[in-house]
Protein chains: 2
Amino acid sequence: MDAIEIKQWTSDSVAADLERAIHEHRLPPATKLGEDELGDAYGISRTTVRAALHALSHRRLVELKRNRGAFVAQPSVREAREVFEARSLLEPRTARSAAERMTDIELARLRENIEDEHAALDASEDGRALFLSGQFHLEIARIADQSTIEAFISELISRSSLIIALYWRRRAALCETQAHHALLDAFERRDGDAAEQLMKSHLLDLVASLDLRNVAQPATSLREALQR
Amino acid sequence: MDAIEIKQWTSDSVAADLERAIHEHRLPPATKLGEDELGDAYGISRTTVRAALHALSHRRLVELKRNRGAFVAQPSVREAREVFEARSLLEPRTARSAAERMTDIELARLRENIEDEHAALDASEDGRALFLSGQFHLEIARIADQSTIEAFISELISRSSLIIALYWRRRAALCETQAHHALLDAFERRDGDAAEQLMKSHLLDLVASLDLRNVAQPATSLREALQR
DNA sequence: GTCGCCAGTTTTGTGTACAATCTTGCGCAC
DNA sequence: GTGCGCAAGATTGTACACAAAACTGGCGAC
């Protein structure tokens, strides 16, 4: 079947694999992540799975319930607002720094990223497109050369993916890549002011495209909905 | 001796205990944290110790070296700059929010915090004073009611403590509480603009009071210094 | 008929044992 | 005398086994 048996999984690589699966919406919010189940799937012991699950819980991608198990997180409306509030504090300034110190090679990588995203969208690979969209933002933080801020943004992007899974209202599928194109233009001009401003409004647009009225609760799995 | 035997330590509480010890400089940078050693100290197995150590490594307070062990982290000069860069992006705006929504009760708690810090300084309990100083910043984030940003700031504050341990140059011992007093005044007036501005310059002052010339490397333990 | 209690089953939490890896010290060759 | 290599010791990484807790189902009493 798969080449799973070939690779030697470590707790880190398992965590990365799960994070990507969550990011691509292959593991939707509230999915139960049983330790035995995962151990069998990856061919590793529960000990290693536990380490990976704990790592993801520190990034708020997985919720650990004592004696209940691990579940893909379901960010609340409040948490959703907070995540984008944090992003709006970090990313615009980071985009400015990136614009001011970007090399042609880095610019080319960003351009490539956008093209891949387009290709994924054309192939209706929504999950992959969403992941690449996140990679675009992450790449900008990487170019800004601030690894600490980059780590925060990385976490926020992954969490944003969960938020999108829960609260996205189909509307603007294109505006996403549109905004990224605009940012790329600013980067090409090494225009820090424009990049900061564009990132700011891009994030605002993202929040606007979500349905964050507390009326519609996460619509989670059965009992979870009633425990609230 | 101690009441350690009474308490039932969990991985979380052990992590919190270690974090506080690090924050108060009872565990200086580069201290080796052996698993057996810690297990004996807390009366728990290595399994639980490992979970705590991993948690702290996610917050960049301890560095895990494969097959080598866990050590209290030694932030590089570069990392030090990054941490304060991140703080300067997050904390000023957070202070503004806090100022605008602060209640009298919260104000009183902050005042109390400053008094405790004064008392600790008078008693020459430097570690405790440093911890309380961090708590002041953390309390502000809590008042701003943004738990996501609060979590980031909490991590940055703890890491700042390590940075101070490594790079502090004795100079302004008082300016710290001075700045906190000024912030408190702004909070009393619910003056968001002033709070944001004061926090911004407070953080700049902090960086200025560090010796971040790359000349003087961490001055770590023997071999560590040479591996760089 | 409904509510409450109790036991069975499943899943996580913790402790222990073994394997892999790295460090350290000695010995041998050049 | 110096440098390399190998073996012994120590420490972490992983797997396994047991204990604790929570959910599920059924039985019995009111």
Side-chain angles (χ1 to χ4, degrees), chain A residues 4-18 27 30-74 220-228, chain B residues 4-18 27 30-74 220-228:
Chain A
I4 285 180
E5 298 301 330
I6 295 172
K7 173 161 186 177
Q8 188 70 356
W9 291 98
T10 70
S11 71
D12 285 341
S13 65
V14 169
D17 197 62
L18 285 174
L27 292 174
T31 303
K32 163 128 200 196
L33 301 172
E35 297 184 353
D36 275 320
E37 204 174 350
L38 289 172
D40 291 343
Y42 288 105
I44 53 179
S45 80
R46 277 182 49 219
T47 307
T48 308
V49 172
R50 280 180 72 78
L53 253 28
H54 275 270
L56 290 175
S57 82
H58 289 301
R59 308 196 75 192
R60 314 273 186 138
L61 293 180
V62 163
E63 195 176 347
L64 256 46
K65 302 188 181 178
R66 187 177 175 84
N67 293 319
R68 293 276 314 274
F71 303 82
V72 178
Q74 308 175 75
T220 157
S221 67
L222 343 144
R223 71 185 314 148
E224 295 292 332
L226 306 174
Q227 283 184 350
R228 313 209 164 194
Chain B
I4 284 182
E5 298 302 331
I6 295 172
K7 174 161 186 178
Q8 186 72 355
W9 292 98
T10 69
S11 71
D12 285 342
S13 65
V14 169
D17 196 62
L18 285 174
L27 291 174
T31 303
K32 162 123 200 203
L33 302 171
E35 297 184 353
D36 276 321
E37 205 176 348
L38 288 173
D40 291 344
Y42 286 105
I44 53 180
S45 80
R46 276 181 51 217
T47 308
T48 309
V49 172
R50 280 180 72 78
L53 252 29
H54 275 270
L56 290 175
S57 83
H58 288 301
R59 308 196 75 193
R60 313 273 185 136
L61 293 181
V62 312
E63 195 175 347
L64 257 44
K65 302 186 181 179
R66 187 176 176 86
N67 292 319
R68 292 275 314 275
F71 303 83
V72 178
Q74 309 176 75
T220 159
S221 66
L222 341 145
R223 72 187 312 148
E224 295 291 332
L226 305 175
Q227 283 185 350
R228 312 208 164 196

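The model shown is predicted, which means the values in this text are computed figures rather than measured ones. First the proteins, then the strands, lettered A, B, ... as listed; each starts at 1.
Closest to the side chain of A:T48, out of C:dC22, D:dT14, D:dA22, is D:dT14. Considering only the side chain of A:R68, D:dA22 comes nearest among D:dT12, D:dA22, C:dT23. For B:E35, counting side-chain heavy atoms from C-beta on, the closest listed nucleotide (D:dG13, C:dT16, C:dT11) is D:dG13. If you check C:dG15, D:dT12, C:dT12 against the side chain of B:R46, the one that comes closest is D:dT12.
For the pair A:L61 and A:L18, the minimum side-chain heavy-atom distance is 4.5 Å or more.
A:T47 comes within 4.0 angstrom of a base, heavy atoms only. Among the protein residues, B:R50 comes within range of the nucleic acid bases, having at least one heavy atom under 4.0 Å from a base atom.
Ring geometry for B:H58 against A:H58 counts as tilted: the plane angle lies between 30° and 60°, on a 0 to 90° scale.
Atom P of nucleotide C:dG15 and atom OH of B:Y42 are separated by 15 Å, given to the nearest angstrom. In this structure, A:W9 places its CH2 atom 19 Å from C1' of D:dA15, rounding to the nearest Å. The interatomic distance linking A:K32 (NZ) with C:dT10 (P) rounds to 13 Å, in whole Å. Remark: C1' of C:dT12 and CZ of A:F71 are 11 Å apart, rounded to the nearest angstrom. What separates NZ of B:K65 from C1' of D:dT12 is a distance of 14 Å, to the nearest Å. Spacing between atom CG of B:N67 and atom C1' of D:dT12 amounts to 5 Å, rounded to whole angstrom units.
For the atom pair CG (A:D17) and OG1 (A:T10), the distance works out to 10.5 Å, reported to the nearest 0.5 Å.
If you find the closest nucleotide of DNA chain D to B:D36 and to A:R66, the one lying nearer the 5' end belongs to B:D36. Between B:G34 and A:I44, the residue whose closest nucleotide on DNA chain D is further toward the 5' end is B:G34.
The minimum heavy-atom distance linking B:L53 with B:E35 is given by the pair CD2-CG, 4.2 Å. The two atoms that bring B:A70 and B:L64 nearest to each other are CB-CD1, 3.7 Å, heavy atoms only.
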